[in-house]
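As structure tokens, the structure follows; a few thoughts come after it.
No experiment lies behind these values; they were computed from the predicted model shown. FYI, side chains are in, hydrogens and waters are out, and symmetry mates aren't considered; it's all heavy atoms of this structure. The sequence lines fix the lettering, A, B, ..., with proteins before strands; numbering per chain opens at 1.
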Amino acid sequence: MTNYNPKKIEEYWQKKWEEDDFYRSAMDKDREKYYVLEMFPYPSGKLHMGHMRVYSIGDVLARFSRMRGYNVIHPMGWDAFGLPAENAAIENRVNPKEWTTKNIEHMKKQQKRLGASYDWQREVNTSSPEYYRWSQWLFLLMYKKGLAYKKKASVNWCNRCETVLANEQVEKGLCWRCSSPVETRDLEQWFLKITDYADRLLYDLDTLEDWPERVKIMQQNWIGRSEGAEITFRVKEFPDEEIRVFTTRPDTLFGVTYMVLAPEHPLVENLVRGTDKEEEVLAFVSQVRKESEIERTSEESSKIGLFTGRYAINPINGEKVPILIGNYVLMAYGTGAVMGVPAHDQRDFLFAGKYNLPIRTVIQPPGEKITAETMTEAYPGEGHMVNSPGFDGLSNKEGMREITEHLRKENLGGFRITYRLRDWLISRQRYWGAPIPIIYCDKCGNVPVPESDLPVKLPLEVELSGNRVPSLAHYPDFVNTRCPTCGGPARRETDTMDTFICSSWYFMRFTSPHSEKAPFDRESVDYWMPVDQYIGGIEHAVLHLLYARFFTKVLYDAGLVKVEEPFSRLLAQGMVYKDGSKMSKSRGNVVTPDEIVKKYGADTGRLFILFAAPPEKDLDWNDQGVEGCHRFLRRIWRLIDDFQPELKSTPDHPGNREEDVALERSLHVAIKKVTVDIQERFNFNTAISAIMELVNSIYSYRQSSPAEQQNGPLLNETLSKMVLLLAPFAPHLAEEAWSRLGHGDSVHQQSWPQYEPEKLQVDEVEIVIQVNGKVRGRMTVAANCSEEELVEAARGNDRIDQLLQGKKVVKTITVPGRLVNLVVR
RNA sequence: GCCGAAGUGGCGGAAUUGGCAGACGCACACGACUCAAAAUCGUGCGCCCUCCGGGCAUGUGGGUUCAACUCCCACCUUCGGCACCA
């Protein structure tokens, strides 16, 4: 008898797998490929439970798919650029590259110790020149296509990180990385024109059938498409000045009684110049501009408006309406100006009430009459148009169309779609990133670095004496260069790229990670892409997943790939909690993969993390639950350890006792359940419980069987197949067990077991007898019993017969194999 | 405010197509083994009652149905996304 020693077993097999280069993948056009990918990590230093969870899920799918016969690619790499490396560099006085390299080494060791089946030949590191060379190349591709541009704009600035941020990287007014408040600054920055792809990013969500609905909805909200009209108002006092507004309700145009401009609107200064309102208005404008994004958006109640003294002309009826400026109108959305229709917009209604602006109803709800004098809230619903000369009587839907069309003919507006999505701000005023490959020449302007000069290398000697790693602007050797066009003195762009650029295409690089001629070679990317199964945290629902989709579409348009969507199927895994809250140092509830591996082994850790909850739900870490899983593996170990095939010298036992048939059925039930649960439902928790049930059945079988039967071919087969089912979840124990059962090869090279439907059949079934829908008894009948026989048998049951005394059966319902329900009066 | 997800024993969770609610695991209790403990094996384990047997139970209140965790209506709570979005 031997004890289960996970450390010994796991280290032994890990070494062997590595020596045999076991998980290497290669293109094979005769075989169907399967690309399983976990979001690659930022090399922060060490793995946490979230990592362990995502890798466990991915590894189960990779191993399962291999056994199912697919040509599986399962790569891993490092999202290695980013600010933490700079902070750590200052703190520890160590070069960011060194810090990153050391972390990668350590984390890679940890990943290997978890037994994940990665093809390490394909490892990529986004901070290596071999990789970022192609990130730069892709930037230049976008530049040439007009998708990368530089402009001065009002942008998000994080004071703590000392850099700008993309809109997606601001969460509730705070920096996504350091949670300090984000300010607005007017700066000249590089952008990618993701808005050109807004419609495709939105509509192609419909093609992603195997994406979680919630992720698609988040992207949909983020893109924020709304249809409506753009309408041009003129300023009465300055007939040459136009104010354009965007509205989703052009049908209410006759109901406009005022107009509001954003304080930043370029027209504001002109409107009030030299008037008695000038001082007051400009003071208000500068006060609003000083407020941060949070201040300005948090005070929901205080919508402040200020009359400019000027009037606008409503293009539909020539009426003049007062022009106000208001703190609630955003320059960044629509046109920075809105028309006020108090009767049919609740916000306008309240605003009009506050500033005594007139209300005019122009839509009447069906079967009801509303008037401006009596209404207590706006009516934003459907109805027919009134007070709209020329359009009265139309439904408001027709009205939208007709009015928009009328304006279009008069050249005063037209149909328009507005998005909430903004262009992606990608330049960062930081050192540790891929340099933007642009050169500024006084003579030639902005000149892209020629492809042959890529990569533009990041200088690696870093000044670590201050409290910041200096940005590239502080390296004269880097900055000063020659213009590729005229050869004259020129300066390099000193901003680096957002790290999200590097992670927007890494999954394609994995298909040919050593390519020196292109970001990826055509044949490989066409064979392996798209990623069949992508797994990662929900926090990337809009960030990384939107950017990666955008990149893929750009590459598709450039004819570089044949897929328009990178990830066919997405699994957004839940978070790992303990004692009801997120694991964190300050709460002192952190459990690390290291300590679990040390105490119980990787197999136990993997098993628990998969067993404790379905993958997409949050998981509550429970130390005793881990013990339970460890106990389960020990139970398996004992089965294998006790099994002595050399005793199977009893061929006279054909294995057809009742217990034998039952055991065989348990095996096939388990095969079916585990297969369906992994493949179709991703319910690893129930797949594992099915294996537990099988193991329980084997234990009962052993208890009720003679010794020779306990070592016979039936048990041999049952144990072997059980080990195959276990292989994706606990790969080391399964490998050891497989070898101890006397099989050659690796368990991970075996075919996934098939269940035989006839083995699932039973002769007799237990049927529930209900009276008026309540369970009143049970009976065992032949499985092929007819419905009539079922009812007959149920009525013949003693207890049921008693209950039926003096009652009349008015209806019977039978569900074959399950129940009989007698409806009585 | 809008959109979405969820709510089941002491706990994590299961119930896949409307058909026995609580699989599997944890915790707990009892028994076996042991000098003892651990480990292991076995048994029990939703709540209540008058314990034969019956009643009540899947956030709350209604409804549909022979039958509802599952479908419909209204509401409550928690979590997530978006939000002066015009």
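- Ion pairing between A:Asp620 and A:Lys578 fails under the 4.0 Å rule for side-chain N and carboxylate O.
- With hydrogens and angles ignored, a donor-acceptor pair under 3.5 angstrom links the side chain of A:Arg778 to the base of B:C20.
- Applying the 90° criterion around 0 to the glycosidic angle, B:C35 comes out anti.
- Rounded to the nearest 0.5 angstrom, A:Thr184 OG1 and A:Met331 CE are separated by 14.0 Å.
- Taking the six-membered ring where the residue is Trp, the centroids of A:Tyr577 and A:Trp621 are separated by 6.0 Å or more.
- Going from the C1' atom of B:G22 to that of B:G9 covers 7 Å, rounded to whole Å.
- One atom, CZ of A:Arg818, and another, P of B:U17, lie 12 Å apart when rounded to the nearest Å.
- The nucleotide whose nearest atom lies closest to any side-chain atom of A:Tyr333 is, among B:G55, B:A86, B:A14, B:A86.
- With B:C24, B:U16, B:C26 as the candidates, the nucleotide lying closest to the side chain of A:Asn622 is B:C26.
- One interatomic measurement links the two molecules: CD1 of A:Ile813 to C1' of B:G19, which rounds to 10 Å at whole-angstrom precision.
- By the rule that a glycosidic angle within 90° of 0 means syn, B:G4 does not qualify and counts as anti.
- Comparing atom distances between the A:Met218 side chain and each of B:G13, B:G80, B:G12 picks out B:G80 as nearest.
- Using N1 to N3 plus N6-O4 or O6-N4 for Watson-Crick, or N1-O2 and O6-N3 for G-U wobble, each under 3.5 Å, B:C82 pairs with B:G1.
- Of the two residues contacting RNA chain B, namely A:Arg249 and A:Ser689, the nearest-nucleotide position lying further toward the 5' end is that of A:Ser689.
- Taking 3.5 Å as the limit, the base of B:C82 and the side chain of A:Asn221 contain no donor-acceptor pair of atoms between them.
- The same atom, P, is picked in B:C11 and in B:C47; the two are 11 Å apart, to the nearest Å.
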